[in-house]
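Position 1 is the first residue of the sequence; numbering continues from there. All values below come from the heavy atoms of this structure, side chains included, with hydrogens, waters and symmetry mates left out.
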Amino acid sequence: MDFSNKRDVVDLHTHTIASGHAYSTIQEMIAGAAECGLELLGFTEHAPAAPGACHESYFRNLRVIPRRQQGIRLLFGAELNIISCDGSTDLRDEVSERLDFCIASLHVFCMAPGSAVQNTAAVLGAMKKPWVKVIGHPDDGRYPLDYDTIAAAAAEHRVLLEINNASLDPQGFRPRAWENSLALLQFCRKYRTPVVMSSDAHVVQAVGAHELCREAIAAAGMPEELVLNDSPQRVLEYMGLPLDING
C-alpha cells in the first residue's frame with residue numbers, strides 16, 4: 001500500500017492515566033493528537049477487570065466531556081475485556097451501550113488463553129454486541145485465532161479489525177504479532193474486511209504512531225480503500241456513528 005498521498009488522521013485506541021498503567025492525561029493526549037494532525041481521536045480506557053482500571057462510574061460520567069476540542073472530534077469509549085468463550089465482557093451492557101463505541105480485546109489478566117476454537121468463539125461472541133465496533137490487537141500469539149473465520153465475521157457484523165502499532169513494536173510483549181498481522185490481513189483482503197491502524201498509546205508521545213502498522217499493511221498488499229485511517233467520515237459511517245457531533 002502506498003501511503004505517500006494519504007493523510008493518517010484517525011487513532012481510535014488510546015489510554016490515559018485513568019487506565020492505571022498509562023502516563024498522560026486527556027488534555028495532554030489531545031494536545032499531542034493536534035500536534036500530529038489527527039482529526040478523530042478515540043479514548044478507550046481499560047474496563048474494570050483490568051488491574052488498576054476504571055470503576056464503572058468513570059464510564060458513566062464520560063458524557064460530560066466535550067466531544068470536540070482543539071479542532072479534533074473525540075470519541076470516549078472503553079477497551080472491554082473479553083472474559084469468557086461466549087464473548088462476555090467486563091462492563092455491564094447498560095453502561096457499554098451508552099458509550100460512543102467499544103473495543104473488545106483478549107488480555108491474559110482477564111481470560112486465560114484457550115485453544116484456537118475457544119479463543120475464536122470468544123471474539124465472535126464479542127463481535128455480536130452492537131456497541132463493539134473494533135476488535136483490539138487480534139495479533140497476540142498467546143491467543144491463536146481462526147483468522148479466516150474472524151475476518152469473514154467482522155465483515156458481516158461491520159466490526160473493524162485492528163492493526164496494532166504497540167503489538168508490532170520489537171519491544172512489545174505480544175508474541176508473533178508481525179506474522180499474525182500479515183496472516184490476518186490476507187484474509188481481510190479475501191473478504192474485503194476493513195481494518196483500522198491504532199497506536200494503542202499509553203503515553204502522549206505514542207499518539208498517532210502507526211509506522212509499524214503501515215509496514216505490515218504494505219507487506220500484506222492490503223488495498224488502501226480497506227484501511228480507514230485517512231477519513232473520520234469513513235470510520236464513523238462504518239461504525240454506524242453520527243457524523244454530526246451533536247447527533
Side-chain angles (χ1 to χ4, degrees), residues 1 3-47 50 53-54 58-59 61-80 99-105 133-137 160-169 171-172 194-217 224 227-239 241-247:
M1 177 178 178
F3 278 91
S4 59
N5 295 314
K6 291 174 68 70
R7 294 185 62 215
D8 180 3
V9 295
V10 175
D11 192 357
L12 291 180
H13 186 168
T14 70
H15 299 272
T16 75
I17 54 174
S19 279
H21 60 275
Y23 306 99
S24 301
T25 65
I26 289 174
Q27 293 304 316
E28 288 168 342
M29 298 290 271
I30 293 172
E35 186 174 339
C36 67
L38 293 184
E39 298 175 9
L40 180 64
L41 176 64
F43 289 97
T44 50
E45 308 298 357
H46 285 284
C54 309
Y58 178 89
F59 298 102
N61 203 41
L62 286 171
R63 59 184 174 77
V64 305
I65 305 177
R67 271 15 185 208
R68 185 169 293 278
Q69 298 185 46
Q70 298 192 41
I72 303 172
R73 171 77 180 267
L74 306 176
L75 299 175
F76 285 89
E79 184 178 12
L80 304 176
L99 299 175
D100 294 336
F101 80 112
C102 291
I103 296 172
S105 304
K133 306 297 185 180
V134 181
I135 296 299
H137 46 76
L160 289 165
L161 296 176
E162 177 185 82
I163 306 303
N164 187 293
N165 207 75
S167 294
L168 295 169
D169 188 323
Q171 298 183 38
V195 301
V196 65
M197 301 183 294
S198 295
S199 68
D200 199 356
H202 284 64
V203 67
V204 64
Q205 288 83 358
V207 173
H210 298 150
E211 293 82 3
L212 299 172
C213 299
R214 293 190 190 99
E215 291 180 16
I217 285 168
E224 67 177 56
V227 184
L228 303 191
N229 293 77
D230 65 322
S231 170
Q233 180 174 339
R234 289 211 297 154
V235 170
L236 294 169
E237 286 180 342
Y238 193 82
M239 295 196 300
L241 301 181
L243 301 181
D244 180 355
I245 197 167
N246 297 313

K.L.:
With Ser199, which residues qualify under side chain to side chain donor-acceptor pair (under 3.5 Å), at least two apart?
P.N.:
Asp11

K.L.:
Out of curiosity, Leu41 CG to Cys36 SG, how far, rounded to the nearest 0.5 Å?
P.N.:
8.5 Å

K.L.:
Identify the two heavy atoms, one from Ala78 and one from Phe59, that lie closest to each other, and give their separation to 0.1 Å.
P.N.:
CB-CE2, 3.4 Å

K.L.:
Between Asp230 and Arg7, does a side chain to side chain contact (heavy atoms under 4.5 Å, CB included) hold up when you go through it step by step?
P.N.:
CA-CA 5 Å; Asp230 65 322; Arg7 294 185 62 215; 5.7 Å; no

K.L.:
Considering all heavy atoms of both residues, which atom of Tyr23 and which atom of Ile17 are nearest to each other, and what is their separation?
P.N.:
C-CG2, 3.6 Å

K.L.:
Has Arg67 got a side-chain atom pairing as donor or acceptor with Ile65's backbone, closer than 3.5 angstrom?
P.N.:
yes

K.L.:
Would the distance check show the side chain of Ser19 and the main-chain N or O of Ala22 forming a donor-acceptor pair, the cut-off being under 3.5 Å?
P.N.:
no

K.L.:
Are the side chains of Asp100 and Leu74 in touch, meaning some heavy atoms are under 4.5 Å apart?
P.N.:
no

K.L.:
Dump the intermediate steps for side chain to side chain contact (heavy atoms under 4.5 Å, CB included) on Thr16 and Thr25, then the final yes or no.
P.N.:
CA-CA 5 Å; Thr16 75; Thr25 65; 5.8 Å; no

K.L.:
Might you confirm whether atom CD of Gln70 has over 12 heavy atoms from other residues, nucleotides or ligands at distances under 6.0 Å?
P.N.:
yes

K.L.:
Any side-chain heavy atom of Ser198 within less than 4.5 Å of one from Glu162?
P.N.:
yes

K.L.:
Is the backbone N or O of Val196 less than 3.5 Å from a side-chain atom of Asn229, with the two atoms forming a donor-acceptor pair by type?
P.N.:
no

K.L.:
Which value, rounded to the nearest 0.5 Å, describes the distance between Asn164 atom CG and His210 atom NE2?
P.N.:
9.0 Å

K.L.:
We want to know whether Asp169 and Gln171 form a side-chain donor-acceptor pair, criterion being a heavy-atom distance below 3.5 angstrom.
P.N.:
no

K.L.:
Would you indicate whether the side-chain heavy atoms of Met197 and Asn165 approach each other to under 4.5 Å?
P.N.:
no

K.L.:
For residues 200-213, pull every pair meeting salt bridge (Lys or Arg N to Asp or Glu O under 4.0 Å), keeping only residues two or more places apart or in separate chains.
P.N.:
Arg174-Asp200

K.L.:
Would you call the rings of Phe43 and Phe76 parallel, tilted or perpendicular if under 30° counts as parallel and over 60° as perpendicular?
P.N.:
parallel

K.L.:
Could you go step by step and tell me if His137 and His13 meet the side-chain hydrogen bond (donor to acceptor under 3.5 Å, both in side chains) rule?
P.N.:
CA-CA 10 Å; His137 46 76; His13 186 168; 5.6 Å; no

K.L.:
Can you tell me how far CZ of Arg73 sits from CD of Gln233, rounded to the nearest 0.5 angstrom?
P.N.:
11.0 Å

K.L.:
If I compare all heavy atoms of His15 with all of Thr44, which pair ends up nearest, and what's the gap?
P.N.:
CE1-O, 2.8 Å

K.L.:
If you look at every heavy atom in His46 and Ala53, which pair is closest and at what distance?
P.N.:
O-CB, 3.3 Å

K.L.:
So Met239 and Leu75, side chain to side chain contact (heavy atoms under 4.5 Å, CB included) or not? Walk me through it.
P.N.:
CA-CA 12 Å; Met239 295 196 300; Leu75 299 175; 4.1 Å; yes

K.L.:
Between Ile72 and Leu38, what is the shortest heavy-atom contact and its length?
P.N.:
CG1-O, 3.5 Å

K.L.:
Side-chain contact test, heavy atoms from C-beta onward, threshold under 4.5 Å: evaluate it for Lys133 versus Leu12 and give yes or no.
P.N.:
no

K.L.:
Passes side chain to side chain contact (heavy atoms under 4.5 Å, CB included), Leu62 versus Glu45? Steps please.
P.N.:
CA-CA 11 Å; Leu62 286 171; Glu45 308 298 357; over 6 Å; no

K.L.:
Which atom names give the shortest non-hydrogen contact between Ala47 and Leu80, and what distance separates them?
P.N.:
CB-CA, 4.0 Å

